[in-house]
Amino acid sequence: MTDDLLHRPSVHALLADGTTVCIRPVLPGDHAQLQGLYEEMSPENLRLRFFAASRRSAAMAADRACAPAHPGYRALLAEANGQVIGLAEYDTGGEKDDAEISIAVADGLHHRGVGTLLVEHLVSAARAEGVTTFTADALSENRQVLQLFADLGLHTSRRFEGPEVRCVIRLDEDDTYLSAVEARGRAADVASLQPLLHPGAVAVVGAGRTPGSVGRAVLHHLRTGGFTHRLFAVNPAVTSVLGVPSYPSVSALPKTPDLVVLAVPAAAVPAVAEECGRAGVRALVVVTAGLDPSQAQALLTACRTYGMRLVGPNCLGISNTDPELRLDATFAADHPRPGTAGVAVQSGGVGIALLDGLSRLGIGVSSFVSLGDKYDVSGNDMLQWWESDRRTELALLHLESFGNPRAFSRTARRVTRRIPVLTVDAGRTDAGRKAAASHTAAAATRTMTRQALFTQAGITATRSIGELLETAALFHSQPLPDGSRVAIVTNAGGAGVLAADACAEAGLALPPFTPAMVDELLGVLPDGAAIGNPVDATAAVSEEQLMECVDRLTRCPGIDAVVAVLVPTAVAAATGDDLVRALTAVPGRWARPVIAVRLEQDLPVRLLPTTDGGAIPSYAEPQAAARALARAADRAAWLARPAGTVPDLGGIETERAGTVVQDHLAAHPDGGWLDPRTCADLLACYGIPQIPWAWAETEDEAVLAADRLRGFDGRVVMKAHWPGLLHKTQQHAVHLDLRGGSQVRAAFRDLETRFAGLMSGVVVQPLAARGTDLFAGVVQDEVFGPLVLFGLGGTATEVLADHAARLAPLTDRDVHDLITSPRCAPLLLGANGHHPVDLDDLEQLLLRLSRMAADLPQLAEADFNPVLAAPGGVTVLDARVRLLPRRPQDPYLRRLR
């Protein structure tokens with residue numbers, strides 16, 4: 001084994017049936033188990049693996065896997081409960097980019113995804129080493145391995161050579177492969193969550209006789225909630241708790257539970273978890289808080305060793321309201337109301353608030369998981385569960401952290417096509433940071449990064465629990481609007497004005513009505529009604545007149561939704577008219593979304609039941625109604641857009657770029673900012689256009705460079721350089737508009753004098769023509785991966801902070817959004833008499849920057865400022881790149897947290 005491979009950590013991942021295996025490099029001490037793996041195979045499987053049934057093959061295969069390392073060879077094994085159950089190897093045989101692959105899986109464990117999982121991990125390792133193709137020879141009758149290769153999602157070709165088949169597998173990571181990996185991961189994930197969220201038996205460890213204890217509260221909820229399967233308590237001091245039979249230990253239970261809830265002191269958690277694992281328990285919910293690092297590690301080790309999924313620690317518990325199960329293993333005040341919203345939170349307090357709010361609204365909960373400290377089960381797991389449970393119609397998340405944001409984003413993009421996913425953008429602590437900064441890492445706040453994730457994934461992000469419930473009420477009860485055009489009708493003119501202001505501030509449009517529509521409305525409303533938008537139906541409007549008005553507005557071709565703002569009046573009370581009933585007493589749903597605003601309403605949002613079994617959301621404030629409606633319009637627009645694709649780019653020299661990076665890091669092991677020449681070489685690998693420039697270390701060299709690079713009207717620019725220089729303008733390290741040799745010499749001498757001992761040379765460039773100064777950059781976020789930023793450039797970037805951001809790799813849709821989101825976007829499109837810039841070139845620049853960031857994990861930061869955009873093209877005028885010694889990580893590789 002190579003040192004690199006030996007020190008690569010083991011990972012745990014899920015097989016197709018939801019069980020856990022460890023994937024790790026082969027070590028010399030594995031020889032006996034590897035030999036046993038082959039020796040225990042049937043003669044038929046040995047023949048299929050080695051093309052012969054010789055028992056000598058077992059020893060030879062183990063010798064090869066455990067032999068001293070040689071370049072181009074990799075071996076990974078799968079281990080379950082300390083036993084080796086599979087092996088996958090590749091060997092380049094001295095070739096540069098092609099490797100021979102072989103796979104072996106223990107008898108009795110076929111069709112569980114062992115081989116596929118090993119190959120996925122081997123593919124990831126091979127890509128990191130520059131291998132582009134796997135080849136494998138198999139007997140034509142070995143249908144299992146041939147099917148494995150065919151189902152990988154990679155491009156595979158076959159060539160028959162007598163009884164053998166040679167398979168050639170290209171290792172390109174495209175969307176087809178990632179989708180295939182996702183599908184396998186989703187099936188495995190859902191299977192692993194079955195014992196947790198649909199257990200056949202549950203035990204509570206730590207349910208005591210003391211009223212008010214957490215364990216007793218959880219047991220009480222399970223019993224009174226009507227859990228339909230077997231329920232046990234574990235307490236050595238008693239034989240019964242709350243009428244539930246109690247046993248001294250988990251191992252003493254008459255039936256092994258699928259799920260165990262731990263409500264014991266922190267010091268006891270590791271030992272109880274170990275006992276659960278040995279007994280065959282499949283899932284744990286740990287409500288205990290306050291585990292120290294060693295206790296936490298011991299808990300997670302027990303879960304990984306025995307293949308148990310874990311919720312918590314430090315959590316409120318879990319619930320599944322399926323009427324065939326009725327699982328409520330929480331210590332919330334009340335049982336959640338059954339319904340259609342899936343809820344996952346990290347904060348128990350937020351969980352209680354959401355459970356209460358959803359129950360009050362009548363939406364209810366399909367399943368609820370309090371993730372707590374989130375050692376294992378995450379929001380990504382829950383999205384996949386809700387996607388497949390056939391009960392969840394709305395997903396609500398409150399996540400304070402993301403374990404694997406890029407995997408989460410891919411999952412969310414898929415799930416949000418089927419059900420709405422709503423979240424609270426929690427932890428916006430960077431919102432107070434001033435984003436006015438002149439380099440990318442300083443400009444990229446965590447808030448901006450999270451918002452990029454939510455926007456690209458189609459997640460509806462709110463700013464508070466209240467807003468989350470406001471939006472959930474609308475999504476649950478009304479269809480999505482086709483657009484953002486709103487009609488307002490009210491029985492009080494002032495209230496209508498408030499609603500109009502709220503809608504405009506939320507980005508909704510209030511279009512005027514056509515003359516024909518005005519006539520229709522005048523025909524159904526009382527005398528004195530004002531037919532604008534808002535429609536002032538006056539206090540004299542009757543229930544029937546309001547119903548007719550709303551009906552016509554919902555059928556108006558230029559309207560996407562109707563907001564009815566109603567206030568109680570003595571007129572309606574005297575006539576017995578119920579204006580709310582005008583909205584709810586309908587024979588069928590309105591043609592378009594209808595929502596109510598009632599200023600006297602005691603709760604922020606209610607759902608008013610309609611006669612057809614539906615509901616209309618009613619808000620106490622017009623701002624709440626407008627916010628919810630704007631988010632619904634945003635979701636409709638996101639769904640209407642086709643999913644973006646990452647375009648193919650020509651002229652990319654990935655291998656040469658890797659060499660540039662490796663050479664720089666070899667000379668600078670700690671990394672740092674690239675010098676201008678190395679930076680230009682790296683950008684050239686990705687076809688990123690740069691203005692002509694020259695490097696000069698002496699006054700004479702600067703003059704010669706200026707003579708060669710005379711720009712607009714013969715003028716040039718001179719920029720000082722030294723390692724670590726970031727803010728050239730602030731340091732007054734730039735001279736503009738230099739004409740003739742004397743000015744060039746004077747500028748050089750000035751820089752040389754002021755920055756003596758620092759300056760290593762100067763960059764000379766032609767003075768650029770006129771255009772719009774833009775900013776483009778990328779920063780590698782430790783959690784979220786590469787983030788691409790774009791906006792107004794030059795010195796204005798420090799003052800205005802007009803930036804938009806998207807996570808790489810960028811799709812064509814992401815690039816379009818990135819260009820059109822900043823406030824400066826109208827300038828690029830030709831507003832106010834400006835000529836539109838070359839948008840195709842600008843898109844190419846951002847896509848190539850994104851590709852560079854995705855290819856090179858060592859790229860810590862890239863900063864292009866300014867980027868000159870003009871009708872004739874786009875050019876980078878100043879570029880800085882910072883590298884750090886980082887190992888590539890595959891964010892889509894299947895593994896547990």
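Reckoned from all heavy atoms, side chains included, excluding hydrogens, waters and symmetry mates.
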Chemist: Under 6.0 Å between ring centres: does that hold for His803 and Phe790?
Modeler: no

Chemist: Name every donor-acceptor pair, under 3.5 Å, that has one atom in a side chain of residues 353-362 and the other anywhere in the protein, sequence neighbours excluded.
Modeler:
from, atom 1, to, atom 2, distance (Å)
Ser359, OG, Arg337, N, 3.2
Ser359, OG, Leu355, O, 2.9
Arg360, NH1, Val605, O, 3.1

Chemist: Taking only residues two or more places apart in sequence or in another chain, which ones pass ring-ring contact (aromatic ring centres under 6.0 Å, His included) with Phe408?
Modeler: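 In terms of ring-ring contact (aromatic ring centres under 6.0 Å, His included), with neighbours along the sequence ignored, Phe408 is linked to Phe402.
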
Chemist: Tabulate below the donor-acceptor pairs under 3.5 Å that side-chain atoms of residues 622-629 make, not counting sequence neighbours, or state none.
Modeler:
from, atom 1, to, atom 2, distance (Å)
Arg627, NH2, Glu470, OE1, 3.2
Arg627, NH2, Glu470, OE2, 3.1

Chemist: If the threshold is 4.0 Å, N to carboxylate O, is there a salt bridge linking Arg463 and Asp425?
Modeler: no

Chemist: How would you list all residue pairs meeting side-chain hydrogen bond (donor to acceptor under 3.5 Å, both in side chains) that involve residues 558-586, not counting sequence neighbours?
Modeler: Arg485-Asp560, Glu543-Arg581, Thr575-Asp577

Chemist: Considering residues at least two apart in sequence or located in another chain, which fulfil the ring-ring contact (aromatic ring centres under 6.0 Å, His included) criterion with His476?
Modeler: none

Chemist: Test Gln456 against Ser409 for side-chain hydrogen bond (donor to acceptor under 3.5 Å, both in side chains), laying out the working first.
Modeler: CA-CA 8 Å; Gln456 288 172 274; Ser409 178; over 6 Å; no

Chemist: Under the salt bridge (Lys or Arg N to Asp or Glu O under 4.0 Å) test, which residues partner Arg406, sequence neighbours left out?
Modeler: none

Chemist: Crowded around His335 NE2? As in, over 12 foreign heavy atoms under 6.0 Å?
Modeler: yes

Chemist: Just distance, no hydrogens or angles: give the donor-acceptor pairs under 3.5 Å from side chains in residues 523-534, sequence neighbours left out.
Modeler:
from, atom 1, to, atom 2, distance (Å)
Asn533, OD1, Ile488, N, 3.0
Asn533, ND2, Val486, O, 3.0
Asn533, ND2, Pro511, O, 3.0

Chemist: Identify, with sequence neighbours excluded, every residue that meets salt bridge (Lys or Arg N to Asp or Glu O under 4.0 Å) alongside Arg641.
Modeler: Asp817

Chemist: Could I get the full list of salt bridge (Lys or Arg N to Asp or Glu O under 4.0 Å) partners for Arg598, not counting sequence neighbours?
Modeler: none

Chemist: What pairs with Glu182 under salt bridge (Lys or Arg N to Asp or Glu O under 4.0 Å), at least two apart in sequence or on another chain?
Modeler: Arg410, Arg414

Chemist: Test your reading of the model: is there a side-chain donor-acceptor pair from Thr490 to the backbone of Ala492, 3.5 Å cut-off?
Modeler: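 A pair under 3.5 Å: yes.
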
Chemist: When you check the side-chain N and O atoms of Arg391 and Thr321, is any donor under 3.5 Å from an acceptor?
Modeler: yes

Chemist: By side-chain contact (heavy atoms from CB on, under 4.5 Å), which residues pair with Thr514, not counting sequence neighbours?
Modeler: Ala516, Met517

Chemist: Between the side chains of Asn380 and Thr411, is a donor N or O closer than 3.5 angstrom to an acceptor N or O?
Modeler: yes

Chemist: In chain order, what residues pass the side-chain contact (heavy atoms from CB on, under 4.5 Å) check against Ala395, with sequence neighbours excluded?
Modeler: Leu383, Trp386, Ile419, Val421

Chemist: Do you know the tightest heavy-atom contact between Gln478 and Ala615?
Modeler: NE2-O, 2.9 Å

